[in-house]
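Quick note on labels: first sequence line is chain A, next is B, and so on, each numbered from 1. All values derive from a computational prediction rather than experimental measurement.
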Amino acid sequence: MVNALVPETAERTPRARAVRSAVAGRVRHRRRQTVVAYLFLAPVLLFFAVFLLLPLGFALLLSTSRWSGFALGDIEPAGLDNFTGLFADGSTFLTPILTNTLLFALGTVALALTGSVLVATCIDRLRFQGVWRTLYFLPIVTTVVAVGNVWKYMYEPGGLVNGVLNAVGLDSVAFLADPDTALPSVVVVQAWASLGSAVLVLTAGLKSVPESYYEAAALDGAGPVTVFRRITLPLLRPSLLFVCVTQFLTGLQSFALITVMTRGGPGDATDVAALEMYRLAFGYGDWGTASAAAFVLFAVVLAITLAQLWWFRRTGEDA
Amino acid sequence: MTRGRSTGRRGVPWLSYLVVATGAVLTVVPFCDMVMTSFKGPGEAGTLPYRFLPRAFDLANYRAAIRQLDLPALFRNSVAATALITASVLLTSSLAGYALAKLRFPGRDFVFRLVLATMMFPPFLFFVPHFLILVHWPLAGGNDLSGRGGAGLTVSIAALAVPFLVNGFGIFLTRQFMVAIPDEVLEAARIDGAGEFAVWWRIVVPQTKPVLVTLGLLTFVDAWNEYIWALLVSTANPDVMTLPVGIQLLQDHVDPARTTPIVMAGLVLSVLPVLLLFLLLQKYYVRGVMLSGLK
């Protein structure tokens, strides 16, 4: 660059010409790289424009409109009616639907987290960790239709779970048919299905705990419970946060399992927000209210995720 | 390094074995029940008292599943949609990942931040607008220019794949791995006269093969197992029905007492391909879940 700026007497020397053409070449190269880069990005940018920005805008428009779903010209502005309608007296959106959603997510996280901490700390002590992990992973690669139907069948009066209950002398339970037990029953399945990935993340977290910490604790005569509470748990914080946030996200928005197992029933005992949105739209053609419900759920998901991040940061000494 | 942390310290960790084995049994038993039920004869499934083993291992339910469900057609649709999605995600992610990792151009940071932002939006926000956009797609499936009159893109098998063709996480993942490729290698190829496309195809893609396998596998499994969107599209156009949707339909519409074994047989057949693929390429899949944690 400095050479390119020397006085014009140098212009005629071959060296200066070489430098100039190198600079011009670099500019040309830069420009060509920009063109190539945007060519490489073109499919992605086009996709995001048509299937991300356009739908978001469309959904926002619908959430503040009344529309029968036929001609785009029929979309009528409705202000915030769709939103207020969700929370009006007699609407089931707040209770039981949003409450169910929170209970479903909370129950899943609590079960999966407890189970995975237990299993991960135990697996860490065993040989053949890969084999165990494979077994715990099976539900993750299985379609929700298989998971849902197998468990639905296992919950039936003549199914495996009641078979076991009867074998040990207990009465049968109408798991999915009873409004009181339906939600906990699907929570168990959701937690069962997500245990493997949580175990994986926590096992990886455990491996990053230096062996010397355990040796030092052993020298000090610390028992297993103390070691777990004072060493394992604090050092596992990042992994726990990760599992917590991702499982909560999944729990708040997933409704495929519920669709397969109960379709929100009996009554609305297992109806969750995303399922209700789906039903409002594709069952009743109420696109406006459905879109409003989607945004309300989105706000809930965001708020809960941010709250978890904030809480973990506040209570963590190292963060 | 083999772990087995306390084996040296305190002998065999019996309690740990007990916990892990109990969990593993609870995980595997539903799969066993699925397989066992798929062999049960009429009146054997769902009757009291419960019996785990079938009276005979008869393949009748498998034959019935293939016939009643039209499994070949469902398989074909599932394979087509899954292949389309996986190929597209791999191609678009590695192209965009390369541009974001190794090319210098104005707007790069903005595009990268946009990609990260796309991962923030949950899928349920898009079910309604995506469906409406596909139905009203101009000049497709009998639609006029304003998107009215026909069924739009829902007539095509591509409708199953469209919302999943590009994946923000996939772009992010490939970019992170491509950043690690030394610039000198790419520069050397450019001096040898290779264009950017050749650099991408001959150097960058081969060097990032492991992460592409991981991404491909994650995408494949998700696409194969996808249910909600496929259900929507199949409701509009039954010709593109996929395996999960078809099997669920049979479950919902016929007498459950008689059809449960047939449904289980269909499920076994539909789960098998993914399970085999997972067992073969487990290492890559496990790494993918660790990287994404999206499940």
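- Each of B/L26, B/V245, B/L91, B/I247 has some count of heavy-atom pairs under 4.5 Å with chain A, and the biggest count is that of B/L26.
- Residue A/L46 holds its CG atom at 12.0 Å from OG1 of B/T92, rounded to the nearest 0.5 Å.
- Using a 4.5 Å cut-off between heavy atoms, A/T134 touches chain B through backbone and side chain atoms alike.
- Taking the side chain as every heavy atom from C-beta outward, A/L62 and B/P129 never approach each other to under 4.5 Å.
- With rounding to the nearest 0.5 Å, the separation of CG in B/L18 from SG in A/C122 is 9.0 Å.
- Comparing A/R133, A/Q253, A/R31 by how many heavy-atom pairs each has under 4.5 Å with chain B, the most go to A/Q253.
- Interface check for chain A: of the options B/H130, B/M264, B/K283, the most heavy-atom pairs under 4.5 Å are formed by B/H130.
- For B/V28, the part lying under 4.5 angstrom from a heavy atom of chain A is the side chain only.
- By the 4.5 Å heavy-atom criterion applied to side chains, B/W224 and A/V141 are not counted as neighbours.
- Between B/L231 and A/F282 the shortest side-chain heavy-atom distance does not fall below 4.5 Å.
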Problem - Verdict with reasoning, B/L100 to A/L41, per side-chain contact (heavy atoms from CB on, under 4.5 Å) - result: CA-CA 9 Å; B/L100 292 175; A/L41 286 166; 4.2 Å; yes
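- For chain A, the nearby parts of B/E196 are the backbone and the side chain; heavy atoms of each come within less than 4.5 Å.
- Proximity to chain A (any heavy atom under 4.5 Å) is restricted, for B/I171, to the side chain, taken from C-beta onward.
- Your options are B/V274, B/L232, B/V29, and the one with the most heavy-atom pairs under 4.5 Å with chain A is B/L232.
- The most heavy-atom pairs under 4.5 Å with chain B, out of A/F48, A/F58, A/W192, A/W132, come from A/W192.
- Between the side chain of A/Q33 and the main chain of B/R104, a donor-acceptor pair closer than 3.5 Å is present.
- Heavy-atom pairs under 4.5 Å with chain B peak, among A/V44, A/V243, A/L135, A/V119, at A/V44.
- Two residues are said to be in side-chain contact when any heavy atoms from C-beta on lie closer than 4.5 Å; A/P55 and B/I133 meet this criterion.
- Only the side chain of A/Y278 comes within less than 4.5 Å of a heavy atom in chain B; its backbone stays farther off.
- Of the atoms belonging to B/F52, it is side-chain heavy atoms, and not backbone ones, that fall under 4.5 Å from chain A.
- The shortest heavy-atom contact between A/A37 and B/A99 is O-CB, 3.9 Å.
- Taking both residues in full, the closest heavy atoms of A/F47 and B/V162 are given as CE1-O, 3.2 Å, listed atom of the first, atom of the second, then distance.
- With rounding to the nearest 0.5 angstrom, the OG atom of A/S254 is 9.5 Å from the CD1 atom of B/I228.
- Taking the six-membered ring where the residue is Trp, B/Y285 and A/F137 present perpendicular rings, their angle passing 60° and hence far from 30°.
- For the atom pair A/L160 CG and B/R51 CZ, the distance stands at 13.5 Å (nearest 0.5 Å).
- Contact annotation for B/L267: only side-chain heavy atoms (C-beta onward) come within less than 4.5 Å of a heavy atom of chain A.
- Most heavy-atom pairs under 4.5 Å with chain B, from the set A/G163, A/S291, A/A59, A/G159: that is A/G159.
- A distance of 9.5 Å separates CG of A/L118 from OG1 of B/T22, quoted to the nearest 0.5 Å.
- For the options B/G168, B/A21, B/S270, heavy-atom pairs under 4.5 Å to chain A are most numerous at B/A21.
- Ring-plane geometry between B/F131 and A/W287 is classed as parallel, the angle between the planes falling under 30 degrees on a 0 to 90 degree scale with a further cut at 60.
- Taking CG from A/L52 and CZ from B/F126, the interatomic distance works out to 4.5 Å, rounded to the nearest 0.5 Å.
- With a 4.5 angstrom heavy-atom cutoff, B/V268 does not touch chain A via any of its atoms.
- Looking at heavy atoms from C-beta onward, A/F51 lies out of side-chain contact with B/V166 at the 4.5 angstrom threshold.
- Using a 4.5 Å cut-off between heavy atoms, B/L134 touches chain A through its side chain atoms alone.
- Heavy-atom distances place no part of B/L277 under 4.5 Å from chain A, backbone and side chain included.
- Contact record, B/S16 with A/L126: CB-CD2, 3.8 Å, taken as the closest heavy-atom pair.
- Note: B/F124 and A/F298 fail the aromatic proximity criterion, with ring centroids not under 6.0 Å apart.
- Annotation: maximal heavy-atom pairing with chain A below 4.5 Å, among B/L243, B/L275, B/V128, occurs at B/V128.
- Looking at A/V50, both its backbone and its side chain come within 4.5 Å of chain B, counting heavy atoms on both sides.
- Contact record, A/Y136 with B/V20: OH-O, 2.7 Å, taken as the closest heavy-atom pair.
- Among B/Y50, B/F105, B/F31, the residue with the largest count of heavy-atom pairs under 4.5 Å with chain A is B/Y50.
- Only the side chain of B/R190 has a heavy atom closer than 4.5 Å to any heavy atom of chain A.
- The side-chain heavy atoms of B/Y17 and A/I123, taken from C-beta on, include no pair separated by under 4.5 Å.
- The side-chain heavy atoms of B/M34 and A/Y153, taken from C-beta on, include no pair separated by under 4.5 Å.
- When A/A193, A/G57, A/A146 are compared by the number of non-hydrogen pairs under 4.5 Å with chain B, A/A146 comes out ahead.
- For the pair B/N225/A/T142, no side-chain contact is recorded, criterion being any heavy-atom separation below 4.5 Å from C-beta on.
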Handout entry: Worked check of side-chain contact (heavy atoms from CB on, under 4.5 Å) between B/L114 and A/L45
Key = CA-CA 9 Å; B/L114 180 83; A/L45 292 176; 4.2 Å; yes
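- When all heavy atoms of A/Y38 and B/G107 are compared, the pair lying nearest together is OH-CA, 3.7 Å.
- Remark: side-chain polar atoms of B/D33 are not paired, donor with acceptor, to backbone N or O of A/V150 under 3.5 angstrom.
- Only the side chain of B/T37 comes within less than 4.5 Å of a heavy atom in chain A; its backbone stays farther off.
- Interface residue B/P30: backbone and side-chain heavy atoms are both found under 4.5 Å from chain A.
- Looking at B/F127, both its backbone and its side chain come within 4.5 Å of chain A, counting heavy atoms on both sides.
- Looking at B/V271, only its side chain comes within 4.5 Å of chain A, counting heavy atoms on both sides.
- Per-residue heavy-atom pair counts under 4.5 Å with chain B were compared for A/G115, A/A281, A/A256, A/P43, and the maximum is reached by A/A256.
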